[in-house]
Amino acid sequence: MTQITSEISNQVQVIRFNRPEKMNALTRDMYADLAKLLSEAAGDFAVRAVVISSVGDHFTAGNDIMDFMSNPPTSEDSTVAAFLSAILNFPKPLIASVKGNAVGVGTTLLLHCDVVVASETAAFSMPFTSLGLVPEAGSSLLFPALVGYQRAAKIFMTGEVFGAQYAREIGLVAEVATDSDAEAIAIADKIAAQPPTAIINTKALMKASKHDAVEAVMRAEFQLFAMALESEEFADAAMRFMAKKGK
Ligand code: COA
């Protein structure tokens, strides 16, 4: 699992995206590793909280665009669907540490976390429409519910990038810290020292009202996303990305 690393210390599991040469863009193999790790962590008594972070200066540039083109996830048994289901259903506290770019799923996965810490360098964006795609990971429901319809629409429809302070203002992140990893791990350590059943039940109660609705929206998003991946709008955007890279 070299492109996804994992270590456990003091009952806190730290999972990191580790593909810094491609800005931690996520491939289907990486999604498979993430889904497997989360499912193991859910059942592991030695793990009381999970931190999701990254190696290098960036969180993730989102789905690997080349992978999307060569292996579009068009069925619900794809590894990306397994990962999204794993974060939606993860029963223990999930804390994220975000530095640098958090593009696409790099931002939408945060909507499933319990606490997000951003570094000052964090830059969030969900440029799905710019790519001819649609929001995923339940974000078409969760993001407007969190920040209000109009702010969500502006961000989704313009594809604009926003920083750590704005992310805190709109409630996407709980804290901005100089060292987001250290702060995220400190929060996870504090949570891990709490009575574990009380923590799991608290999370279940807080997530309960939206769970089924998010699951249904994820299915609808997935169908539209799969169709969009085969569209001319996506093909044009992917070509532009590759042309920019001179590939
Ligand atoms: N898929 C595949 N490779 C990606 C990638 C992605 N989503 N994002 C970045 N990379 C790769 C680049 O191709 C480059 O690799 P190379 O050096 O082999 O060419 C490397 O990561 C660094 O990225 P680069 O584009 O040079 O960095 P930048 O600072 O100029 O731009 C971004 C950063 C995030 C603005 C730009 O990489 C980008 O737009 N990426 C695509 C983001 C995206 O649309 N994600 C999908 C959302 S659904």
Side-chain angles (χ1 to χ4, degrees), residues 2-4 16-34 52 54-74 78-84 87 96 98-112 118-143 152-164 166-167 172 217-218 220-247:
T2 52
Q3 293 186 329
I4 299 292
R16 285 193 167 85
F17 308 136
N18 180 28
R19 198 185 172 215
E21 71 284 4
K22 294 287 180 191
M23 214 171 270
N24 294 323
L26 297 169
T27 62
R28 59 201 169 124
D29 288 346
M30 291 165 79
Y31 285 121
D33 289 349
L34 288 164
I52 298 190
S54 56
V55 173
D57 296 336
H58 298 278
F59 190 56
T60 170
N63 280 282
D64 186 294
I65 291 181
M66 269 60 97
D67 212 32
F68 257 171
M69 293 182 75
S70 49
N71 303 289
T74 46
S78 65
T79 62
V80 61
F83 167 66
L84 296 180
I87 46 169
V98 182
K99 53 203 150 133
N101 290 327
V103 187
V105 71
T107 292
T108 58
L109 77 82
L110 304 175
L111 298 164
H112 297 272
S119 97
E120 290 286 354
T121 63
F124 304 87
S125 61
M126 294 178 279
F128 301 109
T129 56
S130 316
L131 291 166
L133 301 173
V134 296
E136 38 71 307
S139 61
S140 59
L141 173 70
L142 290 170
F143 194 53
K154 180 167 170 265
I155 287 167
F156 278 142
M157 292 180 184
T158 63
E160 71 189 18
V161 181
F162 56 97
Y166 185 67
L172 181 65
V217 160
M218 272 187 180
E221 289 172 345
F222 198 84
Q223 283 177 1
L224 286 173
F225 202 98
M227 275 162 49
L229 281 174
E230 291 172 350
S231 71
E232 237 173 76
E233 290 182 358
F234 173 68
D236 288 350
M239 289 304 166
R240 276 198 301 277
F241 175 74
M242 289 200 296
K244 191 185 126 207
K245 299 289 143 209
K247 286 176 184 151

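One-based numbering, in listed order, for ligands and for the atoms of each. Hydrogens, waters and symmetry mates are skipped; everything else that's a heavy atom, side chains included, is used.
- Counting the atoms of ligand 1 from 1 in the order shown, those under 4.0 Å from a heavy atom of N63 are 1 (N), 6 (C), 7 (N), 46 (C).
- Taking distance alone, with nitrogen or oxygen atoms compared against 3.5 Å, M66 stays at or beyond that limit from ligand 1.
- Ligand 1 is approached by E21 to a heavy-atom distance shorter than 4.0 Å.
- Set against the non-hydrogen atoms of D64, the atoms of ligand 1 under 4.0 Å away are 1 (N), 2 (C).
- By the 30° and 60° cut-offs, the orientation of the rings of F128 relative to F225 is perpendicular.
- One N or O on the side chain of T107 and one on the backbone of A102 form a donor-acceptor pair closer than 3.5 Å.
- Every atom of ligand 1 with a heavy atom of F128 under 4.0 Å away is listed here by number and element: 48 (S).
- Between F83 and Y31, the angle of the ring planes lies from 30° to 60°, which puts this pair in the tilted group.
- Across the listed options G62, A61, G104, A61 owns the non-hydrogen atom lying nearest to atom 45 (N) of ligand 1.
- Contact annotation: the side chain of H112 never approaches that of L84 to less than 4.5 Å [non-hydrogen atoms, C-beta and beyond].
- For ligand 1, the polar-atom distance check finds no N/O of N101 at less than 3.5 Å from any of the ligand's N/O atoms.
- Looking at every heavy atom in both residues, P73 comes nearest to F222 through O-CZ, 3.2 Å.
- Two residues are said to be in side-chain contact when any heavy atoms from C-beta on lie closer than 4.5 Å; F59 and N101 fail this criterion.
- Of all the heavy atoms of V103, the ones lying under 4.0 Å from any atom of ligand 1 belong exclusively to the side chain.
- Within ligand 1, counting atoms from 1 as listed, the ones closer than 4.0 Å to a heavy atom of L131 are 44 (O), 46 (C), 47 (C), 48 (S).
- In summary, of the residues considered (T2, T27, D64), a side-chain hydrogen bond (donor to acceptor under 3.5 Å, both in side chains) with R19 occurs for D64 alone.
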